[in-house]
K.L.:
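Right, I'll just put the structure down here and ask away after.
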Amino acid sequence: MSIEKLIKNCKKQDLKSQEKLYHLFSHKLFAVSLKYSKNYAEAEDNLQDAFITIFKKMKQFCFKGSFEGWMKRIVINTALQRYRKQQHVFEIVHEERIEQPEVELQEEEIPLKFLLQIIQELPDRYRMVFNLYALDGYSHKEIAETMSISVGTSKSNLARARGILKQKIEESQKKNNVQSV
């Protein structure tokens with residue numbers, strides 16, 4: 001069955017088609033959800049909520065643009081909505097932008113698993129801004145609007161996230177150099 005036919009059947013709320021669609025895209029979308037979630041369990045919850053939204057809003061998809069991109073946006077927005085609900089009590093005042101030097105790393109490659117782990121360990125706000133900017137290509141203006149923060153705060157959070165990541169990478173490289181001696 002073509003993806004177009006599958007989408008049309010999902011729009012008719014055909015449960016078998018919805019199940020096929022879920023199985024077809026759940027792994028890719030879970031990876032997106034995990035980037036924006038505190039942990040594995042929250043990523044599962046966000047993915048489930050996102051699929052509920054996808055199936056509810058399926059009729060809004062008009063076959064313009066990428067269907068996978070449309071679903072990815074819903075997953076990201078679902079995670080951001082959960083984040084906003086959790087953070088409403090912790091409003092942070094505008095932060096000044098902190099300039100961080102460019103990250104200079106040794107020539108050796110950094111394992112992807114390690115990078116994903118240290119990104120996951122970032123404080124929530126820093127992780128969200130870093131993922132939106134560095135991994136998903138959002139502008140600071142878009143991030144500010146999406147997260148209800150100022151552009152300056154977005155830039156500051158990105159700089160701080162990069163600083164934390166740089167420090168963790170450098171620590172890991174020093175540790176590896178000591179072990180290899």
K.L.:
Is the backbone of Tyr133 close enough, under 3.5 Å, to the side chain of Glu142 for a donor and an acceptor to pair up by distance?
P.N.:
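Flag not set: sc Glu142 to bb Tyr133 has no pair under 3.5 Å.
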
K.L.:
Roughly how far, to the nearest 0.5 Å, is the OG1 atom of Thr153 from the NE2 atom of His140?
P.N.:
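That separation rounds to 11.5 Å.
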
K.L.:
Looking at Lys11, I want to see if its NZ is surrounded by more than 12 non-hydrogen atoms of other residues, nucleotides or ligands under 6.0 Å.
P.N.:
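Counting neighbours around NZ of Lys11, more than 12 heavy atoms of other residues, nucleotides or ligands fall under 6.0 Å, so yes.
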
K.L.:
If I take atom CD1 from residue Ile143 and atom OG from residue Ser150, how far apart are they, to the nearest 0.5 angstrom?
P.N.:
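So the CD1 of Ile143 and the OG of Ser150 are separated by 11.5 Å.
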
K.L.:
After noting the C-alpha distance and the side-chain angles of Arg127 and Glu121, does the key distance pass the salt bridge (charged side-chain N to carboxylate O under 4.0 Å, His left out) rule?
P.N.:
CA-CA 8 Å; Arg127 185 184 68 250; Glu121 292 170 357; over 6 Å; no

K.L.:
Hydrophobic clusters here meaning ILVMFWY residues chained together by side-chain heavy-atom distances under 4.5 Å, can you tell me if Leu135 and Leu158 are in one?
P.N.:
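Same cluster: Leu135 reaches Leu158 through Ile, Leu, Val, Met, Phe, Trp or Tyr contacts under 4.5 Å.
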
K.L.:
Strictly by modelled atom types, are Glu171 and Gln167 linked by a side-chain donor-acceptor pair under 3.5 Å?
P.N.:
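Note: Glu171 and Gln167 side chains meet the donor-acceptor criterion.
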
K.L.:
Are Leu47 and Ile52 in one and the same hydrophobic cluster, where Ile, Leu, Val, Met, Phe, Trp and Tyr link if side-chain heavy atoms are under 4.5 Å apart?
P.N.:
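No; tracing contacts between hydrophobic side chains, which count when under 4.5 Å, never links both residues.
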
K.L.:
In terms of ring plane angle, is the pair Phe67 and Trp70 parallel, tilted or perpendicular, where the classes change at 30° and 60°?
P.N.:
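Plane angle under 30°, so parallel.
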
K.L.:
Count the heavy atoms of every other residue, nucleotide or ligand shown that sit under 6.0 Å from NZ of Lys20, and state whether that count exceeds 12.
P.N.:
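Not buried by this count: 12 neighbours or fewer within 6.0 Å.
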
K.L.:
Quick one: do Glu68 and Lys72 make a salt bridge, cutoff under 4.0 Å?
P.N.:
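Not counted as a salt bridge, because no side-chain N and carboxylate O are separated by less than 4.0 Å.
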
K.L.:
Closer than 4.0 angstrom, basic N to acidic O: yes or no for Lys8 and Asp14?
P.N.:
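Salt bridge flag = no for Asp14 with Lys8.
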
K.L.:
How far apart are the closest heavy atoms of Ser33 and Asn46, and which atoms are they?
P.N.:
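Scanning both residues, the minimum pair turns out to be OG-CB, 3.4 Å.
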
K.L.:
Going hydrophobic residue to hydrophobic residue with side-chain gaps under 4.5 angstrom, can you get from Ile76 over to Leu116?
P.N.:
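Different clusters: Ile76 never reaches Leu116 through Ile, Leu, Val, Met, Phe, Trp or Tyr contacts under 4.5 Å.
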
K.L.:
Counting the benzene-type ring for Trp, do Phe25 and Phe30 have ring centres under 6.0 Å apart?
P.N.:
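Distance test on ring centres: not under 6.0 Å, no.
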
K.L.:
Step through it carefully: locate the ring centre of Tyr36, locate the ring centre of Tyr83, and say whether they are under 6.0 Å apart.
P.N.:
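Not close enough - the centres of the two rings lie 6.0 Å or further apart.
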
